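I have placed the structure first, in the form of structure tokens, so that the comments after it can refer back to it.
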Amino acid sequence: QKRTGLQNQGVFYVQEGVDGKAEVLLDPNTMSEDGTASINYITPSKSGNLVIYGVHKGGSDWQTARIIDTNTKKNLDDVLDWIKFTNYTFTSDEKAIIYSKFPTPTTIDKEKAGKEVDVNKGM
């Protein structure tokens, strides 16, 4: 991961071996219009062919997890929503992921989830 002084977030790269050319794998600076998306909890599979990563937006603790194929640099169709405070682990056969998840919020505006600073007001 590295970033220039003009980027809000660090960019993640992959390369083949020590002498390989570094190629952009994930750039969180392109994941939100306001530049507040950040990547957290990035975990490669044992083979290195897959990487699961969590994206936080707008300073929220909530994250959305995606899996990217490091060979094609394309996300798989799988999307995991309403996750926070977890790590990810691929099973040894790379066919499943172990993680923890919170229930989908139903009592708050989903667009404001993670920003409910006044929920306990008056306590």
Side-chain angles (χ1 to χ4, degrees):
Q1 176 185 13
K2 65 180 177 178
R3 70 180 176 121
T4 67
L6 299 175
Q7 292 173 309
N8 290 325
Q9 308 295 333
V11 177
F12 291 85
Y13 294 82
V14 291
Q15 70 183 49
E16 186 79 31
V18 175
D19 297 321
K21 179 183 173 198
E23 298 176 24
V24 173
L25 179 65
L26 296 165
D27 184 354
N29 298 293
T30 64
M31 295 179 181
S32 68
E33 289 183 24
D34 63 1
T36 61
S38 63
I39 294 176
N40 206 346
Y41 302 107
I42 187 167
T43 304
S45 64
K46 186 176 180 180
S47 70
N49 291 323
L50 300 172
V51 169
I52 186 167
Y53 62 98
V55 177
H56 297 268
K57 290 189 178 177
S60 175
D61 289 334
W62 294 108
Q63 61 182 288
T64 299
R66 302 288 313 253
I67 302 166
I68 190 168
D69 181 313
T70 59
N71 298 305
T72 64
K73 315 288 187 298
K74 299 210 183 284
N75 281 316
L76 304 184
D77 292 335
D78 305 286
V79 178
L80 306 172
D81 288 318
W82 304 110
I83 298 174
K84 65 170 142 173
F85 313 129
T86 191
N87 291 312
Y88 308 103
T89 302
F90 283 93
T91 56
S92 59
D93 62 3
E94 299 182 12
K95 293 183 178 182
I97 300 161
I98 300 167
Y99 66 100
S100 60
K101 179 184 182 318
F102 282 77
T104 300
T106 58
T107 59
I108 59 172
D109 180 348
K110 290 178 180 64
E111 294 298 315
K112 296 179 182 174
K115 302 173 189 165
E116 20 343 80
V117 295
D118 62 348
V119 170
N120 296 321
K121 197 173 191 175
M123 291 186 84

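Everything numeric here is computed off the predicted structure, so don't read it as measured data.
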Fill in the blank from the handout: For V24, the other hydrophobic cluster members (4.5 Å side-chain criterion, sorted by chain and number) are V11, Y13

Fill in the blank from the handout: The remaining residues in the hydrophobic cluster of L80, counting side-chain heavy-atom contacts under 4.5 Å among Ile, Leu, Val, Met, Phe, Trp and Tyr, are Y41, L50, I52, I67, L76, I83, Y88, F90, I97, Y99

Report the distance from atom [atom1] of [X] to atom [atom2] of [Y], rounding to the nearest 0.5 Å.
X	Y	atom1	atom2	result
M31	K57	CE	NZ	8.5 Å
K84	S60	NZ	OG	7.0 Å
K21	E16	NZ	CD	13.5 Å

Practice task
List for me each residue that meets salt bridge (charged side-chain N to carboxylate O under 4.0 Å, His left out) alongside K73, sequence neighbours excluded, and say none if there are none.
Solution key: E23

For [X], side chain to side chain contact (heavy atoms under 4.5 Å, CB included) partners two or more places apart:
X	value
Q15	A22
D77	none
T72	D69, K74
V79	T64, R66, D81

With [X], which residues qualify under side chain to side chain donor-acceptor pair (under 3.5 Å), at least two apart?
X	answer
T86	S100
N49	S47, N71
T30	none

Problem - salt bridge (charged side-chain N to carboxylate O under 4.0 Å, His left out): pairs with one or both residues in residues 87-102, sequence neighbours excluded - result: none

Problem - Pairwise salt bridge (charged side-chain N to carboxylate O under 4.0 Å, His left out) hits with a residue in residues 25-37, at least two apart - result: none

Hey, are the side chains of [X] and [Y] touching, using non-hydrogen atoms and a 4.5 Å cut-off?
X	Y	value
V51	V14	no
V55	W62	no
I68	L26	yes

Problem - Taking every non-hydrogen atom, the tightest pair across A37 and Q9 - result: O-CG, 3.0 Å

Exercise for the section: Using modelled atom types only, decide if a donor and an acceptor are shared between the side chain of T43 and the backbone of T89 within a distance under 3.5 Å. Expected result: no

